[in-house]
Protein chains: 2
Amino acid sequence: MDPLVRIVLADDHPLSLAGLEEALNARGGVKVVGRATNGIDALSMIKRLSPDCAVLDLSMPGATGLEVILEARRWSVPSRFVVVTGTGTPQVLQELKNAEVSGVFLKSTPVDEICAGILKVAAGGTAVSPAVRKILEAVEQANNLTTRELQVLQAIARGLTNRAASQALGISIKTIDTHRTNLMRKLGVRSTASLLVRAMRDGLIDVSDI
Amino acid sequence: MDPLVRIVLADDHPLSLAGLEEALNARGGVKVVGRATNGIDALSMIKRLSPDCAVLDLSMPGATGLEVILEARRWSVPSRFVVVTGTGTPQVLQELKNAEVSGVFLKSTPVDEICAGILKVAAGGTAVSPAVRKILEAVEQANNLTTRELQVLQAIARGLTNRAASQALGISIKTIDTHRTNLMRKLGVRSTASLLVRAMRDGLIDVSDI
DNA sequence: AGTAAATTGGGGTAATCACCTGAGTGCTGA
DNA sequence: TCAGCACTCAGGTGATTACCCCAATTTACT
């Protein structure tokens, strides 16, 4: 048998912490050598223990999981990292991707899948849940949209007609028309209806203020 | 001081169970007299202990929280009930509302809020989290839409034009037009764009298969 | 049987959309 | 300096939508 994989868990929600540890123990092959409920403790613990893998919640008091990772890397800690995040907003996931975090999971992911991912990352691999991967692909596509195009998309989502959108953005109706045409071409749809469905599904537009 | 409020907790996820109990203990005034990780145990426990309040997860092996409640009521158990559900689909919430469950919360709700709700329900009140209430209002509105109108809404969401939708549903374009107009009037919007945004935001249409 | 609601569909009009070609400006990196 | 891109706008055409009118038929329920 391999020696046990040493793991540090950090999550400000005690219940998630306990649940994950229990699942990992049930699976075997790992040893949870440290637990933290805030970013600061997590960071010092990771520095001190140099675990094979640190599993971090993203929203923690003191420092987010991402901040912990970046800081730990500045100290050349050899650990690998898995981030578990509750809110899978495109922006957050993009940041994690840029930071080249080895493993990313949503909290809604089945615990078994997360456990498997942690082991994989600890073994030197990468593990990104399908849900996260899907969102990232959407982000990829959103990044191909220009600022102005996103603004036009937002305006349309608010129910503005081309005319109203042109007034809102202070440009000609024809310009709005051009942008919308380009949006539909870029997203591969042929109607405003599909455009909005795609945009909302992929989180390209902000629905909260509508 | 009042005597301690006697509570039974049931959740197949041990971590949620522990987290909630911890939070309740921290708040004080309550005593968790029973824990169950499946519907069957929960039911027998409630019958045996007649707690002031039973807090039930909706998705449990054996029997769902709702089934437990309905069965417990058949036995005239005097307990009051709080349901905590992970998936807040409109259908599920509507069923809970119909069953007149005293308290309904999403798992994403802050623990403090859930605790406060449990105490309120145990005291004879009702507690429905704002998020749930909002979804229910949307359901209310969706129920005012006829079957055909919902079908037309789905068709539009799939990006079908009036013509394509008419062919898909085997009716005249003019009928689609009528339905669409009625939809917009009922939902208080004046454009297809707004119609879709409203529909998606409120879960009136199924986005998964688009 | 009778009333209400749902579903169907026709006519018509003004507005808007979808899509095209073309073009001027300004910024940026090679 | 020059190509490339983003942004801007125009003209034009056919399709479609938004919205109003009205009415026949079916379904549901009292």
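A note on names: the letters A, B, ... follow the listed sequences, proteins ahead of strands, and every chain is numbered from 1.
Contacts of B:Thr192 with the nucleic acid, taken as non-hydrogen atoms under 4.0 Å apart, involve only primed sugar atoms and P, OP1 or OP2. Counting non-hydrogen atoms under 4.0 angstrom, B:Thr175 reaches a base of the nucleic acid. Residue contacts shown for A:Thr147 are limited to sugar-phosphate atoms, with no base heavy atom under 4.0 Å away.
Remark: C1' of D:dC5 and CZ of A:Arg148 are 16 Å apart, rounded to the nearest angstrom. In this structure, the CG atom of A:Leu160 is 18 Å from the P atom of C:dA15, given to the nearest Å. Atom P of nucleotide D:dT8 and atom CD1 of A:Ile171 are separated by 5 Å, given to the nearest angstrom. The CE-P distance, from B:Met184 to D:dC19, rounds to 5 Å in whole Å. Remark: P of C:dA6 and CD of B:Gln151 are 14 Å apart, rounded to the nearest angstrom. The CG-C1' distance, from B:Leu195 to D:dA18, rounds to 12 Å in whole Å. For the pair B:Leu145 CG and C:dT7 C1', the interatomic distance rounds to 15 Å; values are reported in whole Å. Atom CG of B:Leu153 and atom C1' of C:dA6 are 17 Å apart (whole Å).
Phosphate contact (OP1/OP2 of D:dT16, side-chain N/O of B:Arg163, threshold under 4.0 Å): present. Contact annotation: A:Arg185 does not reach the phosphate of C:dC19 (side-chain N/O to OP1 or OP2, under 4.0 Å). Note on B:Asn162: a side-chain N or O is less than 4.0 Å away from OP1 or OP2 of D:dT17. Remark: B:Arg190 is not in phosphate contact with D:dT17, judged by side-chain N or O atoms under 4.0 Å from OP1 or OP2. Put simply, A:His179 has no side-chain N or O that comes within less than 4.0 Å of OP1 or OP2 on D:dC7. B:Thr181 has no side-chain polar atom (N or O) that falls below the 4.0 Å cut-off from OP1 or OP2 of D:dC20.
Within the 3.5 Å criterion, the main-chain N or O of B:Ala10 finds no donor-acceptor partner in the side chain of B:Asp57. Between the side chain of B:Arg198 and the main chain of B:Leu187, a donor-acceptor pair closer than 3.5 Å is present.
Looking at heavy atoms from C-beta onward, A:Met200 lies out of side-chain contact with B:Leu196 at the 4.5 angstrom threshold.
By the 6.0 Å contact criterion, CZ on B:Arg190 is open, its count of non-hydrogen atoms from other residues, nucleotides or ligands being 12 or less. The neighbour count for B:Arg74 CZ, taken as heavy atoms of other residues, nucleotides or ligands under 6.0 Å away, does not exceed 12.
DNA chain C is contacted by both A:Val189 and B:Ile173; B:Ile173 maps to the nucleotide lying nearer its 5′ end (nearest heavy atom per residue). Annotation: of the two residues near DNA chain D, A:Asn182 and A:Lys174, the 5′-most nearest-nucleotide partner is A:Asn182.
B:Asp177 and B:Arg180 are not joined by a salt bridge, as no carboxylate oxygen comes within less than 4.0 angstrom of a charged side-chain nitrogen.
Judged by distance alone with a 3.5 Å cut-off, no donor-acceptor contact links the side chain of A:Thr146 to the base of D:dC5. In the interface, the side chain of B:Asp177 is paired with the base of D:dC19 through a donor and an acceptor atom under 3.5 Å apart.
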